[in-house]
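For reference, the structure is listed below as structure tokens.
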Amino acid sequence: MSENVVHLHKATDPPTADTAPTVLTVVPDAAPARPVPLWVRSGRAVKSAATHETTRATVRAAARHGLYTFNGGRIVARRAWDGRTGSRYERMIRAAEAAGNLEAAQEWEERLQRFRAARHHRRMDLLHSPVDAAKGVAVGAGMSIGVLVALGVVMAINTGHVGDVITPLSATVNFIALLIRIVQVVWGPALSIGPFLALLALWSVGRKQHAAPNWALPANVRSGEGEPITPSIVVKALRDLGVPALARAIKEMGDAGASMLGPIRIAGCGVEVDVTLPSGVATNEVQGKRRKLAENLTRHEHEVFITIPQAARTVRLWVADSGALDEPIGPSPLVTDDTMTADYTKGKAPWGQDLRGDAAALSLYQRHLLITGLSNQGKTVALRSLALWLSLDKSVQFLMGDLKGAGDWNMFDGLATTLIQGPTDEHVIQVTEMVEGAVNEMNRRLQAPPGTVFPPLIVLVDEAQVAFMCPAKGTGKDKRPYGGAKADSRYFMAVRKIHNQGRAVNVLMWQGTQDPTNENLPKLVREGAHTRASLALGTESQARMALGDKAVDGGAAPNLLRPGLDRGTLVVASDGISIPAGQSSITVRTHYIDDDAASAITDRAKALRDGVTTLHAIDRSTEHDPLADIAAVIGDAPRVRTKDVLARLAARNSDAYGGWSFLDLKRVLDDAGASPYKSDGVMCVARDRVARSLANRDGDGSASAE
């Protein structure tokens, strides 16, 4: 007999696969899903059907066409009422009074009186018209019967039958009877179809006026993209602008709010309209809501420009066609016309197009220039295009400093007398001394005999903010800083001197700078420019720095241009460009001229000249060789006018030659045996004579220095 051993302790090791008991797991069936109640399923079906796009489109269509008919009836009734009463004149009187235009109100009141007098005259005529009408009918009937009887007599005489006397009369009676039968046949269907035709006419009127809520209109109309600008749209946009006084005035005008508007004129790639604001509404209240006005007109903010014309209490709206400002303008005439030349005195540089699509040309004659904007917005290209045009006038001389040094001005090598390129403090020092040399040349010209004519000298500094922010100071006894905005700043004072007196002797300062502040573009410098232009800027305060308070208060807003998207678009304040009467600025979309095209233009400009040796650094050494310097500035030209030689010497070494006159130059050349001579009535210096004198002097070992 075997005994079963019962273990009273729990095994700690898990059972192996061989010894583990088999466990059967019973999984119960899932409970059946509860049926969805009928009312829930019905509700879901109704909701799905009600929110389906087809249902929504059907509801919109039904509401749209129904309201077209209803509102079309209202429009026709209002037109009929306006035609029969003086309500139209009364609305116009209220509109004129709300706008504060008492003269227009008086004129409309006189028209109302004339309308009432004419209506009274017509009504008085109605008192006599029944008698007159009865007399007319009787006379007409008698004459008609007499004519028919006479015609019957003629027929009877012709045929010999007495019965033909009444033939025309009986034929007329039969014709009238036929017309009565036709009317009896048509009358029934006409009564049935007539109301439908009338409703169709009312529907047509409502459809043309879009007389339905916005949600019920078709998608292409509801979106408003590309919607044409009409008087009603402009008035509605102004009414919803959020200016309480303006909204009240338009409401008092009824549907005559369009009396505020001048004619809507096509202007380039958009339209232009003048709005005379009602009394109590200031122009800056509308200017300050440019974005809201643009959105009310279904446009983007950059597609609406608000300016202040000369007329009082008036704003001028220019509204672009949707997307038109994102399309590029055509190439510059400088690129397409290989025969184009320039005239500094009388000509204008082809710069681009204004918003109206007209060519925008800028006069550069005796005008200092400042172009500013954020980085990488097209400042250098805009400034360079003006210099490219002016280079085609062979009398113009250039002193150029590019404090970016990226090679944007390389094409002027061999065309500019001086071309300094680089961003370092040493380059700022070189540019400063170049500008100071121009100051010395300006002083020499100012001391010349009255009536002396001087060639234009353009002193151009790109990235001028680098010069103003330069911390470098002079060495030796002169410890003055090169940068800064104080009276001891060398660059600042040199620019100020040219601004003060350079215009009188054709020494002009052109500057390009970016992201203006009071530190990198001092107030006295920016206000010294006659032509001020700005690309996209970040704030209104920067716009005021760039263009001045008058231009910004008049509607100039470069801070509302889109950085990157509006690259090359400038807001210009200058008397050298055609600006619409009453405005203080104009927006110009400039032509883009790439480096290759710019090089082709400067090649044409170089062909007009005898040859220019471009200096890439200012010689600041105390020792100098006048004869060698004269040979250097003459370059490859066979001869150069003496006044041009003096200008180039001053640019080369202002300390040594800035105060030179013609007598000083003649003395050096006479001593060297290379005396100046007259050619075509102008004193010139011959390259061969100077070269021969240098060769003879070096051969004798008699180098002279001063």
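Owing to the predicted nature of the structure, the values given are computational and were not obtained by experimental measurement. Scope of the values below: all heavy atoms of this structure, side chains included, with no hydrogens, waters or symmetry mates.
With sequence neighbours excluded, no residue forms a side chain to side chain donor-acceptor pair (under 3.5 Å) with N284. Residues meeting the side chain to side chain donor-acceptor pair (under 3.5 Å) test with T85, sequence neighbours left out: W81, S87. For E272, the side chain to side chain donor-acceptor pair (under 3.5 Å) partners are R265, R356, not counting sequence neighbours. Take P231 and apply the side-chain contact (heavy atoms from CB on, under 4.5 Å) test, not counting sequence neighbours, and it matches A258, L261, I264. With sequence neighbours left out, the side chain to side chain donor-acceptor pair (under 3.5 Å) criterion links R119 to no other residue.
Heavy-atom neighbours of Q287 CD from other residues, nucleotides or ligands within 6.0 Å: above the threshold of 12. Counting heavy atoms of neighbouring residues, nucleotides and ligands inside a 6.0 Å radius, atom NZ of K236 does not exceed 12 of them.
Screening residues 539-559 for salt bridge (charged side-chain N to carboxylate O under 4.0 Å, His left out), with sequence neighbours left out, gives E540-R544, R544-D549, R544-D553.
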**Prompt:** Please walk me through it: do K289 and E285 pass salt bridge (charged side-chain N to carboxylate O under 4.0 Å, His left out)?
**Reply:** CA-CA 7 Å; K289 294 182 177 292; E285 292 182 89; over 6 Å; no
**Prompt:** After noting the C-alpha distance and the side-chain angles of H161 and M155, does the key distance pass the side-chain contact (heavy atoms from CB on, under 4.5 Å) rule?
**Reply:** CA-CA 8 Å; H161 297 288; M155 292 177 62; over 6 Å; no
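Summarising the geometry, atom CG belonging to N296 is positioned 9.5 Å from atom CZ belonging to R239; distances are rounded to the nearest 0.5 Å. In this structure, CD1 in I306 is found 13.0 Å from CZ in R316, a value given to the nearest 0.5 Å.
W318 places a side-chain N or O within 3.5 Å of a backbone atom of A267 that can act as its donor or acceptor partner. Formation of a donor-acceptor pair under 3.5 Å by the R567 side chain with backbone atoms of N376 is found in this model. A donor-acceptor contact shorter than 3.5 Å is absent between the side chain of R116 and the backbone of G86. Looking at T172, its side chain never comes within 3.5 Å of a backbone N or O of S170 through a donor-acceptor pair. Proximity of a side-chain donor or acceptor of S534 to a complementary backbone N or O of V571 within less than 3.5 Å is not detected. Put simply, the side chain of W351 gets close to the backbone of A382: a donor and an acceptor are under 3.5 Å apart. Between the side chain of H591 and the main chain of G330, a donor-acceptor pair closer than 3.5 Å is present.
Of the residues listed (V271, T307, V275), the one engaging L317 in a side chain to side chain contact (heavy atoms under 4.5 Å, CB included) is V275, and it is the only one. Shown are T372, N559, D515; of these, the side-chain hydrogen bond (donor to acceptor under 3.5 Å, both in side chains) with Q542 is made only by D515.
Annotation: cation-pi pair R290/F305 present, NZ/CZ under 6.0 Å from the ring centroid and within 45° of its normal.
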